[in-house]
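So the structure is just underneath, and the comments pick up after that.
Quantities reported herein were computed from a predicted structural model and do not represent experimental measurements. In what follows, every heavy atom counts, from backbone to side chain, and hydrogens, waters and symmetry copies are set aside. To find a chain, count down the sequence lines: A is the first, B the second, and so on, and within it residues start at 1.
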Amino acid sequence: MAKLRSVKGMNDVLPEDAVRWHRLEDTFRELVARYGFGEVRTPLVESTDLFVRSIGEATDIVEKEMYTWMDKSDKSLTLRPEGTASAARAWIQHSVGGQHPVSKWFYVGPMYRRERPAKGRYRQFFQAGCEIYGDPGPFVDAELIDLVVRYLSALGIQDIEVLVNSLGAGETRERYREALLEYLRPHASELSEDSQRRLERNPLRVLDSKAPQDQAIAENAPQILDYLDEESAQHFEDLKTALDAMGTPYVVEPRLVRGLDYYTRTLFEVRGRGGDLGANAALCGGGRYDNMIKELGGPDTPAIGFAIGLDRLLLVMADSEPKPSLDGFLVVRGKELRGQALAVAQKLRDAGCRVDADLRGGSMKSQFRRADKSSAPFALVLGDAEAEAGTLQVKELATGDQQELPIEQVADAIMRR
RNA sequence: GUGGCUGUAGCUCAGUGGUAGAGCACUGGAUUGUGGCUCCGGAUGUCGCGGGUUCAAGCCCCGUCAGUCACCCCA
């Protein structure tokens with residue numbers, strides 16, 4: 001029989017590693033709370049239609065990466081490939097806009113895309129993201145970009161690059177698309193195979209192709225920033241000014257596009273430069289999507305958001321001081337005392353101590369060895385004499401210092417540090 | 001989805017077609033109720049899985065699964 005194992009591209013997190021995940025999530029929650037974000041929790045499953053309409057029919061995500069199936073009631077369902085669409089659906093469904101002119105939401109959770117797994121890319125992966133509804137920017141755009149930088153910095157991730165661009169609004173994209181096509185068509189035969197295929201369908205993608213022959217051509221292509229409508233151009237200028245004022249470093253990258261159709265105006269991406277990331281260096285992607293809410297049937301409301309790939313952060317995050325997960329480890333002499341040991345542990349736990357013991361027993365030596373490996377700073381010895389006296393021997397493992405204390409005083413003694 | 005590389009103990013890896021190995025980790029002990037260091041001992045394998053070649057396969061061949069890297073794309 002074949003060995004049972006987790007599904008390809010979907011990984012377990014064991015307790016030792018969960019500590020690092022907690023740090024990622026706790027740091028994020030604490031930070032966004034300081035900006036006034038509240039959490040939204042949406043289902044992992046949505047109508048397929050939601051993603052098709054928001055992300056875009058012609059995108060790679062929708063075309064070939066979604067986990068989609070027919071439910072028994074003949075409705076097509078999909079495991080969410082990203083968080084923005086679900087949050088927007090919830091925001092519309094609950095008419096939040098009618099209550100709050102501006103809402104700031106965050107989410108943390110698993111997303112699903114059926115791609116070929118690689119380093120930093122899994123079929124179940126975790127994103128933390130923020131969405132702001134009802135503020136047309138550009139200052140809130142700058143604030144959001146800075147939030148991401150501060151989050152990464154809090155995790156010890158400094159070696160990053162912040163790329164910003166603007167896709168304009170309204171007819172900008174169409175006008176630019178025409179101009180770009182006009183430029184690219186004469187070069188069509190020189191382009192890479194992939195780019196030739198992309199040419200008519202989504203010419204913007206040709207610009208960030210990695211094929212050298214494409215890059216050479218993209219070099220001299222018209223730039224979208226030259227085609228921005230007046231309002232979008234001003235929006236972009238104000239964004240840069242705000243970033244400068246905060247001292248947030250960034251690079252204008254006119255060729256930055258992104259795989260999702262819903263973006264308008266501000267677009268940004270944060271890339272890590274650590275060598276541990278392989279080819280998947282994008283740590284965070286985000287942008288403004290001023291038309292999406294309306295297109296999904298909601299009120300005409302501007303919005304902006306980003307998503308951070310937590311799996312990738314884990315690869316480049318600095319290690320932090322390991323903290324002991326226990327305060328004390330009970331060492332019990334003799335089988336007869338194990339029942340009493342449970343009563344002692346119960347008392348200490350009620351007092352807030354984290355206490356473990358090896359209830360299988362074993363020699364003092366082996367119990368001490370386990371105490372040593374448990375990460376608990378103190379071994380708590382219960383023997384006949386201590387049971388008689390209502391005390392414990394409290395031994396500090398790092399120094400070897402040992403003293404006998406009444407059980408009532410033990411909690412205070414071992415939790416002080 | 002395409003191509004390359006790799007699968008041997010829990011982990012990191014040796015292993016020339018002829019008896020399955022090391023280090024770490026785990027575990028027992030070194031005389032009475034005290035860990036770490038040291039010393040002595042012990043357990044642990046479907047050699048990823050399925051076929052094939054051969055007297056004989058961990059080793060060669062084919063397939064498959066998984067991991068990994070690059071591409072594609074993205075977080």
Open item on the list: Counting the atoms with a prime plus P, OP1 and OP2 as sugar-phosphate, which does Q393(A) contact under 4.0 Å by heavy atoms, base, sugar-phosphate, or nothing?
Closed with: base

Task: Derivation of the side chain to side chain donor-acceptor pair (under 3.5 Å) call for Y289(A) and E131(A) - done: CA-CA 10 Å; Y289(A) 47 100; E131(A) 312 288 346; 2.4 Å; yes

Open item on the list: Taking any heavy-atom pair under 4.0 Å as a contact, classify I308(A): base, sugar-phosphate, or nothing.
Closed with: nothing

Distance-only criterion, 3.5 Å: show the donor-acceptor pairs between side-chain atoms of residues 6-21 of chain A and protein atoms not counting sequence neighbours.
residue, atom, partner, partner atom, Å
S6(A), OG, M10(A), O, 3.0
R20(A), NH1, D319(A), OD1, 2.9
R20(A), NH2, L314(A), O, 2.6

Open item on the list: Need one value for Y122(A): base, sugar-phosphate or nothing, where a base atom within 4.0 Å counts as base even if backbone is also close, heavy atoms only.
Closed with: base

Open item on the list: Can you see if the side chain of R114(A) gets near the phosphate of rG1(B) - specifically, an N or O under 4.0 Å from OP1 or OP2?
Closed with: yes

Task: Distance in Å, L243(A) CG paired with D146(A) CG, rounded so as to fall on 0.5 Å steps - done: 7.5 Å

- [ ] Using the C1' atom as the reference point in each nucleotide, state the distance between rG45(B) and rA22(B) in Å, no decimals.
- [x] 15 Å

Open item on the list: Considering every strand and a 4.0 Å limit on heavy-atom distances, what is the contact class for G400(A): base, sugar-phosphate, or nothing?
Closed with: base

Open item on the list: Closest-nucleotide mapping onto RNA chain B: is K64(A) or M10(A) further toward the 5' terminus? I mean the 5' end.
Closed with: M10(A)

Open item on the list: Over all strands shown, is G120(A) touching base, sugar-phosphate only, or nothing at heavy-atom distances under 4.0 angstrom?
Closed with: base

TODO: Would you mind classifying the nucleic acid contact of Q367(A) as base, sugar-phosphate or nothing, using non-hydrogen atoms under 4.0 angstrom?
DONE: nothing

Open item on the list: Heavy atoms only, 4.0 Å cut-off, all strands: where does A379(A) land among base, sugar-phosphate and nothing?
Closed with: nothing

Task: Sugar-phosphate only, base, or nothing, as touched by G9(A) at under 4.0 Å among non-hydrogen atoms - done: sugar-phosphate

Open item on the list: In whole Å, measure the gap between the P atoms of rG50(B) and rU8(B) for me.
Closed with: 16 Å

Task: Sugar-phosphate, base or nothing in reach of E386(A), heavy atoms under 4.0 Å - done: base

- [ ] Under 4.0 Å between any heavy atoms, over every strand shown, what does E115(A) touch: base, sugar-phosphate, or nothing? Just pick one.
- [x] base

TODO: Check whether any side-chain heavy atom of S54(A) sits under 4.5 Å from a side-chain heavy atom of T84(A), and report yes or no.
DONE: no

Set out, line by line, the N/O atom pairs under 3.5 Å between protein and nucleotides 25-28 of chain B.
residue, atom, partner, partner atom, Å
rC26(B), OP1, K373(A), NZ, 3.2

Open item on the list: Measuring only the P atom in each nucleotide, how far is rU16(B) from rG58(B)? A whole number of Å is fine.
Closed with: 12 Å

TODO: Using atom NZ of K365(A) as one end and atom C1' of rA30(B) as the other, report the distance to the nearest whole Å.
DONE: 7 Å

Task: Nucleotide pairing, RNA chain B (Watson-Crick or G-U, distances under 3.5 Å), in dot-bracket with [ ] and | - done: (((((((..((((....[..)))).(((((.......))))).....(((((..]....))))))))))))....

Task: CZ on F329(A) to CG on D372(A), rounded to 0.5 Å - done: 10.5 Å

Task: Candidates rU34(B), rC74(B), rG4(B) - which lies nearest the side chain of R116(A) - done: rG4(B)

Open item on the list: Students often get this wrong, so: under 4.0 angstrom with heavy atoms, is V331(A) touching a base, only sugar-phosphate, or nothing?
Closed with: nothing

